[in-house]
Every structure is written in C-alpha cells, then in structure tokens.
Amino acid sequence: MNPLKPVAGRQYPATAVQFAAWFPDDEACLDYLAWLRWGDAEFACHLCGAVGYGWRRADGASWDCGACGRRSTPTAGTIFHRTRTPLTVWFRAAWELTTRANGVSARGVQRTLGLGSYQTAWTMLHRYRRAMVNPRRSKLSGTVEVDEMFVGGANKAGKPGRSYAHNKTAVMVAAEVLPRGIGRARLVVMPDQTAESMRAAIRGSVERGSTLRTDAFGALAKAAEGYVHDRVRVARSGVPAHLHFPAVSRVQAQSQRWLLGTLQGAVEPGHLQEYLGEFEFRFNRRHARKPGLLFYRLLEQAVLTCPVSYRDVAIGGTRPRDDDKMPTAPIGPRGLPASLAQPDAGRPWRAISR
C-alpha cells in the first residue's frame, strides 16, 4: 500500500525538472498508474473484485486475474478507461492543473499541449474535476461559518442582495474557523434559496452538532436545526458582513475571482459544481509545501474514479439529460493527440551562425 504521507522525490515529483525526468514516455506514465492503483503486490480486479489473486504479464503493465481469467490494465475502470489520448498528455495536463496557483483553462491546455480539439482538452479537465472530489472525505466540523453567494450574469437592477439574484445560481459556502486562520471549505450548488435546499447542502457538508455562524436570513435559521446556531444580525450591528464572517467571506471572494479570472466567467450552471469542486481541491490543500503533492493526490484519486464519457460530462452534472441536445462529433477529419514523448533533438541552436 502507498504511504499516507508521501515523500517528495520518492512517491511524486517535487519539481517540474523531476516531472520531466520521471515521465519521459507513455510507458513510464502507465507504470506509475499501476503503482498507484495496486502498489507492489496487491492486485485488485476491477471486473470481479478479486484481491491479491492475479499475476503480472510480461509487459509489466497489465495483469491476468486468477479468479475470472480476464486481463486488466492500470487504466481500466478509471477516468483513463479506453482513452485515445497518450498518457504523457494526461500527465502534463494534470501537472498544469495542480501546480499552477489558479489552475488552467481548457483553452490554455489546448494551446500549451498542442491539442487540435478544444473538446479533448475540455473533457480531460472535467474528468480530472470528477476525480478531485473524494466521496469518502470527512465533513466540516467545529465552528463553521455558512453563507450563500450567487454566480451568474449581472443583475438588471444593478443592486446586491438576495432579492435581486433571481437570474443567478445560488451556492452554499461553508468554511471552518480555526484559532489561527481558515480550515477547509465546501461549496455546494443549490436549486434555490429555500430552507430545504439550505438544509440539504449544510447536512451534506457539516457534521451534526457543529456550531454554525450565520446571518439572520430566515432560511438559514430553519436549516440550522440539529446544530448549535450562532446567529448574527449584520444589518443592526453597523459592522460590515466580512468582519463578522471573515472565513466564509474570504472563500467567497477567492472563488468568485477564480471563476472570473482563470475561467473568464464562462461557466455554465450545469457544470458549476464541478468547477467549485476544483476550487475546493486546491483551496483545502493550499498549505502543501511541494506543488507535486497535489499532482500525486489527483492521480491517486483518478485511478479510483469510475470512467465517464464526453456525453456524460457534457450532458451530466446538475443539468437534466435531454436526448435532443446530445453533443455531436466535430465536422471534418479527427486525429489523435500526439504523445509528448520526444527523442533527443540535439542542439539545433548550434546550427545557426551568429
């Protein structure tokens, strides 16, 4: 089994130089996925569920299950399942996504990696975003500030507040309050601002019995049943809301800046939850000392995440499925992305006289 506290330079590359040295070709990437998934000994068949009953093939990258007799590869049953994109491209996209302070957009990945299709880059990043949310993660606890924010186009009335947010998407934002600073955060898309929606979002994100600090919004008061409720009337205090709720206000501000900055605000409501999951992944690991640790955590979760197709990503999320609006293949010939594995190019600059 892989250690709970991986060490830079041993379990994951600590720098971009190490990343290039560790993964020079697709075979090295495949072996790394095999190690993340099965370790050095314990093979688990994704088809029949048998554990420790199989043997490695001569190619070193695939296994034969002794229980069902079928072949399994490190990518089978993961987000890389049946991918036609070389693993060197997948790994470089994961490195760019996790090591940049503000992430990267699909258009940026397309330009950087020389992909001919925006669809390929967009789907790749969305598959990674699915893997960023661990379904077994623990809920927030202790003292938690809770508020909502609204994402979408500008209000026609030009005024802030809940009353003018009918054309926006409501998001519940929760942040742990620590003695020094902010803990983890959760952001959950809600269908509306009712107490039922608030209650579902809070109970799915915060441990029962925790202390909730909220403003005097009526729906929040009803949704706080089962929690210790610290209610603050901001309007009567004469103090700005961000001073009463510094933790959740900072999370709201940073997430809004990220949506408008890196993604240029081009986020559809149906995919907003996946983008917020990426923000959570990066925010909750902001104290990681080595940038490669986020890369390791993402791939560690990617080999445990079920495969999703482009159709699932494009029509899935919070939007209802509509078979009349299924995405169609792009017009014209389609080519596979080239692997990033490259032979030694020599020193072409020496051939130019100065």
Side-chain angles (χ1 to χ4, degrees), residues 102-103 105 125-126 129-130 132-135 137 139-140 144-157 159-177 182-207 210 212-224 227 232 234 241-242 244-284 286 313 316-320:
N102 295 318
S105 66
L125 294 186
H126 268 285
R129 291 182 182 110
R130 293 284 182 94
M132 285 180 174
V133 179
N134 186 346
R137 62 184 180 178
K139 297 180 180 180
L140 306 184
V144 181
E145 294 179 359
V146 179
D147 197 4
E148 77 270 27
M149 70 177 185
F150 303 96
V151 179
N155 291 320
K156 295 181 180 180
K159 298 180 181 180
R162 297 182 174 99
S163 301
Y164 299 93
H166 300 295
N167 62 331
K168 294 175 176 286
T169 302
V171 178
M172 188 280 296
V173 185
E176 290 177 329
V177 179
I182 307 173
R184 297 170 298 160
R186 292 284 189 275
L187 297 91
V188 181
V189 173
M190 300 183 297
D192 48 48
Q193 305 175 51
T194 62
E196 290 74 15
S197 298
M198 285 281 189
R199 184 182 296 111
I202 291 174
R203 290 186 177 180
S205 304
V206 184
E207 288 284 355
S210 302
L212 299 184
R213 298 192 70 244
T214 74
D215 59 18
F217 183 42
L220 282 172
K222 297 178 181 179
Y227 299 88
V232 180
V234 178
H242 70 272
H244 284 294
F245 310 106
V248 73
S249 296
R250 181 171 298 179
V251 174
Q252 289 172 323
Q254 291 189 10
S255 61
Q256 292 277 23
R257 285 201 300 269
W258 176 71
L259 290 171
L260 294 175
T262 302
L263 304 176
Q264 299 294 302
V267 177
E268 296 182 2
H271 296 114
L272 178 58
Q273 187 62 67
E274 295 167 347
Y275 286 106
L276 295 178
E278 178 188 346
F279 175 82
E280 287 180 10
F281 178 85
R282 189 175 292 105
F283 182 86
N284 293 339
R286 63 193 181 278
V313 174
T318 57
R319 289 191 297 171

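Keep in mind it's a predicted model, so treat the numbers as computed, not measured. The figures that follow rest on heavy atoms only: side chains count, while hydrogens, waters and symmetry mates do not.
Counting heavy atoms from C-beta on, the side chains of F283 and R250 never come closer than 4.5 Å. Proximity of L259 to L272: side-chain heavy atoms (C-beta onward) are separated by under 4.5 Å at one or more points. Between V267 and V151, the closest side-chain pair of non-hydrogen atoms is not below 4.5 Å. Between F281 and V133, the closest side-chain pair of non-hydrogen atoms is not below 4.5 Å. Residues M149 and S255 are in side-chain contact: their nearest non-hydrogen atoms beyond the backbone lie under 4.5 Å apart.
Between the side chain of Y227 and the backbone N or O of V206 there is at least one donor-acceptor pair closer than 3.5 Å. Counting only distance, with no hydrogens or angles, the side chain of E278 and the backbone of H126 share no donor-acceptor pair below 3.5 Å. The closest donor-acceptor contact from the side chain of Q273 to the backbone of G270 lies at 3.5 Å or more, if one exists at all.
To the nearest 0.5 angstrom, H242 atom NE2 is 13.5 Å from D147 atom CG.
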Determine, step by step, whether M198 and E148 satisfy the side chain to side chain contact (heavy atoms under 4.5 Å, CB included) criterion, reporting the C-alpha distance in whole Å, the side-chain angles of both residues, the deciding distance to 0.1 Å, and the verdict. CA-CA 9 Å; M198 285 281 189; E148 77 270 27; 3.7 Å; yes
Side chain to side chain contact (heavy atoms under 4.5 Å, CB included), that's the test. Do R186 and N284 meet it? Break it down for me. CA-CA 9 Å; R186 292 284 189 275; N284 293 339; 3.5 Å; yes
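In this structure, a donor-acceptor pair under 3.5 Å is present between the side chains of D192 and S197.
The salt bridge (Lys or Arg N to Asp or Glu O under 4.0 Å) test with E280 is passed by exactly one of R184, R129, R137: R137.
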